[in-house]
Amino acid sequence: MLVMKKYKKREPDIVEAIQFTGENKDEILEVLNAKGSIYHTIVRGYDEEKEEKTIEYVQTLGIATQFGRCAVMKGDYVIKTADGELDTLSEDWFLIDYEEIE
């Protein structure tokens with residue numbers, strides 16, 4: 001069962017957040033009482049060892065936030081603020097800005 005954990009920003013804001021694993025879309029939408037859907041995003045890259053371009057299809061969660069529809073990639077966090085607003089952050093930025101409490 002998915003459990004929302006509490007996090008505090010290194011400032012005094014306290015938020016609840018869930019990390020998108022690529023497989024927990026339904027749980028995230030249910031816990032946040034949000035609307036969203038899964039789609040695939042094409043991520044282009046370059047393999048330096050093989051010296052060739054790469055294309056990867058990545059599962060993405062589209063979720064409605066106060067900023068409009070946001071794309072949540074695997075590893076990103078969906079954040080619910082104290083005001084009940086939803087936002088998203090990449091894992092790197094989330095771990096810089098927030099630390100887990102409780």
Pairing residues for K74 by the side chain to side chain contact (heavy atoms under 4.5 Å, CB included) criterion, not counting sequence neighbours | none
Across all chains, not counting sequence neighbours, the side chain to side chain contact (heavy atoms under 4.5 Å, CB included) partners of A64 are none
For the pair E91 and Q19, evaluate side chain to side chain contact (heavy atoms under 4.5 Å, CB included) and give the outcome as yes or no after the intermediate values.
-> CA-CA 8 Å; E91 182 178 25; Q19 189 172 30; 3.2 Å; yes
Can you find a pair of side-chain heavy atoms, one from T60 and one from I38, that are under 4.5 Å apart?
-> no
Heavy-atom side-chain contact between L32 and L86 under 4.5 Å | yes
What's the shortest heavy-atom distance between A71 and D76, and which atoms?
-> O-OD2, 4.2 Å
Minimum heavy-atom distance A17-Y77, with the two atoms named | CB-CD2, 4.0 Å
Polar side-chain atom of D47 near backbone of K50 as donor-acceptor pair, under 3.5 Å = yes
Verdict with supporting geometry, Y46 and T54, side chain to side chain contact (heavy atoms under 4.5 Å, CB included) = CA-CA 5 Å; Y46 187 78; T54 60; 5.8 Å; no
Is the count of non-hydrogen atoms from other residues, nucleotides or ligands lying under 6.0 Å from [X] atom [atom1] greater than 12?
X    : atom1 : value
E100 : CD    : yes
E51  : CD    : no
Y57  : OH    : no

Atom pair CE (M4) and CD (E16), whose distance is rounded to the nearest 0.5 Å | 4.0 Å
Distance (rounded to the nearest 0.5 Å) between I79 CD1 and E85 CD | 12.0 Å
Could you check I55 against I42 for side chain to side chain contact (heavy atoms under 4.5 Å, CB included), going step by step and ending with a plain yes or no?
-> CA-CA 7 Å; I55 296 177; I42 298 173; 3.6 Å; yes
Under a single-linkage rule joining Ile, Leu, Val, Met, Phe, Trp and Tyr whose side-chain heavy atoms are separated by less than 4.5 Å, which residues share a cluster with M73?
-> V43, V58
Aromatic rings Y7 and F94: how do their planes relate, parallel, tilted or perpendicular, breaks at 30° and 60°?
-> perpendicular
Using the side chain to side chain contact (heavy atoms under 4.5 Å, CB included) rule, take L89 and Y98 through it: C-alpha gap first, then chi angles, then the decisive distance, then the call.
-> CA-CA 11 Å; L89 268 180; Y98 294 92; 3.8 Å; yes
